[in-house]
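The structure under discussion appears below in the form of structure tokens.
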Amino acid sequence: MSDQHRPAVPAALTRRRTLTGAAGLGVALPLLAACGSDDSGSDAGADAGSGAGDSGTGGSGSAIATSDIPVGGGEIIADAGVVVTQPTEGEFKAFSATCTHTGCQVGSVSDGKIICPCHGSQFSITDGSVLQGPASSPLAEQTVTVAGGEITLG
Ligand code: FES
């Protein structure tokens, strides 16, 4: 019977953790720039002519000559209660001329904006959206038909 003296082995030395360095593990994504596959600027004027289809006469009888509507501007057709605009050449839009604030009739079109004289609201000639309050709702869009150099409402 003899005592066995075991030398104490520090636990820290029993395991060796080797930390393999990850340095230099470069990201090897193939950044090959494919040339010539960009087709930017391909959708100019893609929406021309939509909305045609009812070429019959009759209805409201409010025909406006396309030449009367300035590109980037518009005209207020007071009798019909609409403002007709031409945001870009050949694209015609119409909106209610009644301001959504408290109901004044919009008074002018300038710099791409439909302007209400009562309290200064401004609306986009492109979609009738509010550009400046106090109005908070867009002008209601109206349907227009363009044919033979004339814009027909409704
Ligand atoms: Fe048009 Fe007030 S009614 S801004």
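Positions are given from 1 along the sequence. Whatever order the structure lists them in is the order used to number ligands and atoms, beginning at 1.
- Residue-level check: among N/O/S atoms of H101, ND1 sits closest to atom 2 (Fe) of ligand 1.
- Contacts with ligand 1 closer than 4.0 Å are made by side-chain heavy atoms of C116 only, the backbone lying farther away.
- Taking every non-hydrogen atom of T102 and a distance limit under 4.0 Å, the qualifying atoms of ligand 1 come out as 2 (Fe), 3 (S).
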Go through V82 and F95 one step at a time and tell me if the side chain to side chain contact (heavy atoms under 4.5 Å, CB included) criterion holds. CA-CA 5 Å; V82 299; F95 306 95; over 6 Å; no

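- Taking atom 4 (S) of ligand 1 as the reference point, the nearest protein heavy-atom neighbour is S121 OG, 3.2 Å.
- In this model, C104 has its SG atom within less than 2.5 Å of the SG atom of C118.
- Summarising the geometry, atom OG belonging to S96 is positioned 5.5 Å from atom CD belonging to Q142; distances are rounded to the nearest 0.5 Å.
- Two residues are said to be in side-chain contact when any heavy atoms from C-beta on lie closer than 4.5 Å; T152 and V144 fail this criterion.
- For H119, the N/O/S atom at the shortest distance from atom 2 (Fe) of ligand 1 is named ND1.
- The salt bridge (charged side-chain N to carboxylate O under 4.0 Å, His left out) check on E141 picks up K93, with sequence neighbours excluded.
- Every atom of ligand 1 is numbered from 1 in the order shown, and the set under 4.0 Å from a heavy atom of C99 is 1 (Fe), 3 (S), 4 (S).
- Inter-residue side-chain proximity for T85 and F92 is flagged as unmet; no heavy-atom pair is nearer than 4.5 Å.
- Set against the non-hydrogen atoms of C104, the atoms of ligand 1 under 4.0 Å away are 3 (S).
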